[in-house]
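Right, one structure below, let's go through it.
Residue numbers count from 1 along this sequence. All figures in this text were calculated on a predicted structure; none of them were measured in a lab.
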Amino acid sequence: MAKPLSSSPLAAFGEAGRLTELRKRFFFLLGGLIVYRIGTFIPVPGIDPDALARFFQDQQGTILSMFNMFSGGALERLSILALGVMPYISASIIVQMMAVVVPQLQALRKEGEAGRRKLTQYTRYGTVALAAFQGAGAAVAFQNQGVVIAPGPQFVFLATMTLTAGTMFLMWLGEQITERGLGNGISMIILAGIIAGLPAAIGGTLELVRNGEINPALALILVLMVAGVTAFVVFVERAQRRIPVNYAKRQQAGGCSPARRPTCRSSSTCRA
């Protein structure tokens, strides 16, 4: 027997609509990440690129190199997005912790959508303060390392404002990706930075193995550990715990109560 085709055009139209929406969201995410990567190549005004490259070459294997990897190379170039989204993440954690212990913030958490918007506003203010503090510290630190063409208060002020504006732009871009793209925007930006630094990290590791500075067995163990941690994170993220839910029995209006049952035994709503 042939299947009815009456609902096929409507189903196909709905499927096409969903694919179109998904395609738009994917391209918006891709465009946002491209803008982010372009921003990581725009340096802060007043930086000497050659001196900065020599400084980071001397810092290979230090904690500064690890921070540079998480920023996708933006810190190595001291770009306008060198601080990344770390000030925003720090501000979010601080606001969430304070919302547990501060009565005023606890009350905001119970106000629903209005309270959530207020906490988001406080998080943005905190992001500005942390970004300005970290930007000023980074500007002074790099100035003391001799990588600035014209050191002085003017450079510190300009670099601080530039780095703070870059962080706020990333925060806005992450919110736009969350609303109009795919996934969490801040997480996607962090992921893009890590992936951008992976080829250089893998190439450096292979070079160390080739030179004999790292045992090949140790490199293989590191690869297996990375794969294992990734698989475990995916397993935890996708895990589900099925909880049985028991509903109380409900009696419909007009039904028979135990008191009425002898008088309404003939009624259609009565079930003995």
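To the nearest 0.5 Å, atom CD1 of residue Ile38 and atom CD1 of residue Ile42 are 7.5 Å apart. One distance of note links CD1 of Ile149 with CZ of Phe155; it measures 9.0 Å at 0.5 Å rounding. Atom OG1 of Thr123 sits about 12.0 Å away from atom NZ of Lys118, to the nearest 0.5 Å. Summarising the geometry, atom CG belonging to Leu78 is positioned 6.0 Å from atom CG belonging to Leu52; distances are rounded to the nearest 0.5 Å. Expressed to the nearest 0.5 Å, how far CD of Glu111 lies from CZ of Arg117 amounts to 10.5 Å. Between Ile89 atom CD1 and Ile94 atom CD1 the span is 12.0 Å, to the nearest 0.5 Å.
Residues Val102 and Gln106 fail the side-chain proximity criterion, which asks for heavy atoms closer than 4.5 Å. At a threshold of 4.5 Å between non-hydrogen side-chain atoms, the residues Leu83 and Thr164 do not count as touching. By the 4.5 Å heavy-atom criterion applied to side chains, Tyr88 and Leu130 are not counted as neighbours. Annotation: side chain of Leu170 is in contact with side chain of Leu81 (closest heavy-atom distance under 4.5 Å). Contact annotation: the side chain of Tyr122 approaches that of Leu108 to within less than 4.5 Å [non-hydrogen atoms, C-beta and beyond]. Proximity of Gln176 to Phe28: side-chain heavy atoms (C-beta onward) are separated by under 4.5 Å at one or more points. Residues Phe56 and Leu75 are in side-chain contact: their nearest non-hydrogen atoms beyond the backbone lie under 4.5 Å apart. By the 4.5 Å heavy-atom criterion applied to side chains, Arg77 and Thr40 are counted as neighbours.
Nearest heavy-atom pair, Val100 versus Arg109, reported as atom, atom and distance to 0.1 Å: CG2-NH1, 3.7 Å. Residues Pro87 and Ala131 share a closest heavy-atom pair of CB-N, 3.9 Å. Of all the heavy atoms in Ala51 and Gly146, the pair that sits closest is CB-O, 3.9 Å. Considering every non-hydrogen atom in both Pro45 and Thr162, the closest pair reads CD-OG1, 4.3 Å. Of all heavy-atom pairs between Thr160 and Ala132, the closest is CG2-O, 3.5 Å.
In this structure a side-chain-to-backbone donor-acceptor pair under 3.5 Å is present from Thr167 to Leu163. When atom types are taken as modelled, the side chain of Gln143 and the backbone of Gly152 share a donor-acceptor pair closer than 3.5 angstrom. Checking side-chain atoms of Ser79 against main-chain N and O of Phe41 turns up no donor-acceptor pair under 3.5 Å.
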Requested in this report: For the pair Arg210 and Leu206, evaluate side-chain contact (heavy atoms from CB on, under 4.5 Å) and give the outcome as yes or no after the intermediate values.
Outcome: CA-CA 6 Å; Arg210 189 178 66 86; Leu206 294 177; over 6 Å; no

Requested in this report: Check the pair Arg180 / Glu175 against side-chain contact (heavy atoms from CB on, under 4.5 Å), numbers first and verdict last.
Outcome: CA-CA 9 Å; Arg180 303 170 61 183; Glu175 292 177 351; over 6 Å; no

**Report entry** Chi angles and distances behind the side-chain contact (heavy atoms from CB on, under 4.5 Å) call for Arg238, Val234
**Finding:** CA-CA 6 Å; Arg238 303 297 299 175; Val234 173; 4.2 Å; yes

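Listed by chain and number, the hydrophobic cluster partners of Met161 are Phe157, where partners are ILVMFWY side chains within reach of under 4.5 Å, directly or through others. Other residues sharing a hydrophobic cluster with Met225 under the 4.5 Å side-chain heavy-atom criterion for ILVMFWY residues are Ile221.
Both Phe169 and Ile177 belong to a common hydrophobic cluster when Ile, Leu, Val, Met, Phe, Trp and Tyr are linked at side-chain heavy-atom distances under 4.5 angstrom. Grouping the Ile, Leu, Val, Met, Phe, Trp and Tyr side chains by contacts below 4.5 angstrom, directly or via other members, places Trp172 with Val85. Transitive grouping of hydrophobic side chains (ILVMFWY, heavy atoms separated by less than 4.5 Å) brings Val35 and Ile194 into a common cluster. Ile189 and Phe26 fall within the same hydrophobic cluster, defined by Ile, Leu, Val, Met, Phe, Trp and Tyr side-chain heavy atoms under 4.5 Å apart, directly or through other members. In this structure, Val128 is a member of the same hydrophobic cluster as Ile80, with clusters built from ILVMFWY side-chain heavy atoms closer than 4.5 Å.
Heavy-atom contacts from other residues, nucleotides or ligands closer than 6.0 Å to CE of Met86 number more than 12. Summarising the local packing, CD of Glu113 is surrounded by more than 12 heavy atoms from other residues, nucleotides or ligands at distances under 6.0 Å.
Classification of Glu179 and Arg25 as a salt-bridged pair fails, no side-chain N sitting under 4.0 Å from a carboxylate O. Lys24 has no carboxylate O lying under 4.0 Å from a charged side-chain N of Glu21, or vice versa, which leaves the two without a salt bridge.
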